[in-house]
Amino acid sequence: MILSIILSSVVMTACDNSKSIFSNVDAPKKIATEDEVHPSQSPSAVADSQNVNGKHYTTTLRSFTMQYNSIMMETGGVDYLYNENWQTKGNVQKDVNGVEYQLYYYDEEIFTITVSVEVESGMIMNVGCGTTMNTFVNLDNEESPNSDRILHSAAVMAAAAAGFGQNSIDVLQDIFYRTTFGEVDELWYEGNVFSLTTKNDKSNSENDTMLLRVFPITDELKNEWKIQSYEEYISINK
């Protein structure tokens with residue numbers, strides 16, 4: 001499954017607010033509550049960069065894969081990654097600041113993981129978990145939607161890249177849930193932007209796509225973009 005939206009999205013913020021297809025999907029079985037103790041993020045998980053966001057994660061594709069699998073196992077998931085199955089998409093590209101990056105993708109059964117890696121540093125700029133909207137809601141089997149599994153995998157992906165432990169999964173899953181089903185497409189949490197990007201396929205609605213993505217940014221960009229924090233959002237939307 002190679003999704004056009006995933007392969008063209010690198011560091012842009014969310015767009016297209018169409019979420020009507022999600023209306024029949026329930027909340028995840030386990031989500032965070034506003035009084036839950038915040039998980040700790042490794043202080044060395046993010047470093048300054050010359051890229052457009054001013055930050056990158058301090059993990060390589062290989063170490064990300066190992067950490068993703070470790071957290072997936074610890075949290076009872078079933079979607080594991082194998083180093084040999086990563087594929088590159090296209091040639092090396094440059095962001096608007098001239099930083100070169102390579103896009104990698106990994107096709108799973110019901111979603112695709114994408115990773116943008118800086119060429120010079122070898123560090124990850126951002127990661128995404130994408131699928132078709134119909135796969136997410138699993139219209140062919142309304143008794144068993146795929147949303148729980150995909151949101152869990154997206155949370156594991158974010159934890160592995162951003163330096164959170166397995167105790168963070170409920171919180172990170174809740175953030176992605178709220179960007180998917182709430183009134184916002186992106187939220188800021190602990191220096192990271194969590195976003196939903198969607199794209200409609202006018203020729204075939206079954207190919208409408210969605211991408212859950214996380215990437216680090218500077219405080220200056222957070223203020224410039226006026227991104228609402230997760231803590232502020234849940235205090236208003238209890």
Side-chain angles (χ1 to χ4, degrees), residues 1-16 18-19 21-22 25 28 57 59-69 71-72 75 77-93 101-117 124-141 145-162 169 172-173 175-177 179-180 185-186 192-201 203-215:
M1 172 177 54
I2 303 177
L3 306 175
S4 60
I5 184 175
I6 294 173
L7 301 181
S8 62
S9 297
V10 180
V11 291
M12 295 188 302
T13 55
C15 62
D16 193 334
S18 175
K19 298 182 181 182
I21 194 169
F22 303 136
V25 179
Y57 294 122
T59 186
T60 64
L61 185 63
R62 179 172 291 274
S63 59
F64 163 77
T65 302
M66 293 176 59
Q67 184 66 0
Y68 172 98
N69 288 337
I71 297 174
M72 183 65 71
T75 56
V78 297
D79 298 294
Y80 294 94
L81 306 177
Y82 300 90
N83 283 309
E84 61 271 19
N85 289 348
W86 285 104
Q87 301 181 63
T88 59
K89 173 59 179 179
N91 299 320
V92 170
Q93 303 178 56
Y101 65 90
Q102 177 67 61
L103 185 64
Y104 294 83
Y105 70 95
Y106 192 111
D107 281 339
E108 267 288 1
E109 178 185 1
I110 58 174
F111 59 83
T112 295
I113 297 286
T114 60
V115 180
S116 296
V117 177
I124 289 176
M125 297 168 61
N126 63 76
V127 294
C129 179
T131 188
T132 63
M133 293 183 190
N134 282 347
T135 298
F136 186 80
V137 300
N138 201 5
L139 294 178
D140 294 332
N141 186 359
N146 292 318
S147 53
D148 273 359
R149 181 175 162 189
I150 293 173
L151 286 170
H152 176 261
S153 296
V156 171
M157 168 198 77
I169 296 305
L172 303 185
Q173 179 170 282
I175 298 173
F176 276 132
Y177 170 77
T179 61
T180 303
D185 290 318
E186 56 187 6
N192 304 279
V193 175
F194 292 76
S195 71
L196 168 73
T197 309
T198 61
K199 184 176 181 180
N200 296 328
D201 187 328
S203 63
N204 185 352
S205 63
E206 291 187 359
N207 292 328
D208 289 352
T209 53
M210 57 180 288
L211 177 64
L212 298 166
R213 194 157 52 96
V214 62
F215 53 94

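Position 1 is the first residue of the sequence, and the numbers go up from there. Keep in mind that the numbers below use all heavy atoms, side chains included, and drop hydrogens, waters and symmetry copies.
Applying the side chain to side chain contact (heavy atoms under 4.5 Å, CB included) criterion to A161, with sequence neighbours excluded, gives Y57, F64, V127. In terms of the side chain to side chain donor-acceptor pair (under 3.5 Å) criterion, residue partners of S63 (sequence neighbours excluded) are, by chain and number, T59, T60. Taking Y104 as the reference, nothing meets the side chain to side chain donor-acceptor pair (under 3.5 Å) condition, with sequence neighbours excluded.
Rounded to the nearest 0.5 Å, atoms OH (Y106) and OH (Y82) are 6.5 Å apart. Summarising the geometry, atom NZ belonging to K199 is positioned 11.5 Å from atom CG belonging to L211; distances are rounded to the nearest 0.5 Å. Interatomic distance, OG1 of T131 versus CD of E108, reported as 11.5 Å (0.5 Å rounding). The CZ atom of R213 sits 5.0 Å away from the OG1 atom of T197 when rounded to the nearest 0.5 Å. Annotation: the span from L196 atom CG to D185 atom CG amounts to 5.5 Å, rounded to 0.5 Å. Between the OG1 atom in T132 and the CG atom in N138 there is a gap of 9.5 Å [rounded to 0.5 Å].
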Exercise answer: donor-acceptor pairs, residues 150-157 side-chain atoms, under 3.5 Å, sequence neighbours excluded:
| residue | atom | partner | partner atom | Å |
| --- | --- | --- | --- | --- |
| H152 | NE2 | T75 | OG1 | 3.0 |
| S153 | OG | D79 | OD2 | 3.4 |
| S153 | OG | R149 | O | 3.0 |

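Between C129 and I113, the shortest heavy-atom distance links the atoms CB-CD1, 4.0 Å. Nearest heavy-atom pair, T180 versus M210, reported as atom, atom and distance to 0.1 Å: CG2-CE, 4.3 Å. L103 and S116 get closest at one heavy-atom pair: CD1-OG, 3.5 Å. In terms of heavy atoms, F215 sits closest to M125 at CB-O, 3.6 Å. For the residue pair Q102 and G90, the shortest heavy atom distance occurs at NE2-O, 3.3 Å.
Between the side chain of N192 and the main chain of V214, no donor-acceptor pair closer than 3.5 Å is present. Side-chain atoms of N69 never come within 3.5 Å of backbone atoms of Y80 as a donor-acceptor pair (strictly under, hydrogens ignored). Looking at T112, its side chain never comes within 3.5 Å of a backbone N or O of G130 through a donor-acceptor pair.
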Are L212 and F111 close enough, and set up right, to give a side chain to side chain contact (heavy atoms under 4.5 Å, CB included), and what steps lead you there? CA-CA 10 Å; L212 298 166; F111 59 83; over 6 Å; no

- [ ] Walk me through it: do T114 and K89 pass the test side chain to side chain contact (heavy atoms under 4.5 Å, CB included)?
- [x] CA-CA 10 Å; T114 60; K89 173 59 179 179; over 6 Å; no

For side chain to side chain contact (heavy atoms under 4.5 Å, CB included), just list the numbers for T179 and F176, CA-CA rounded to whole Å, side-chain angles, deciding distance to a tenth of an Å, and then say yes or no. CA-CA 5 Å; T179 61; F176 276 132; 4.2 Å; yes

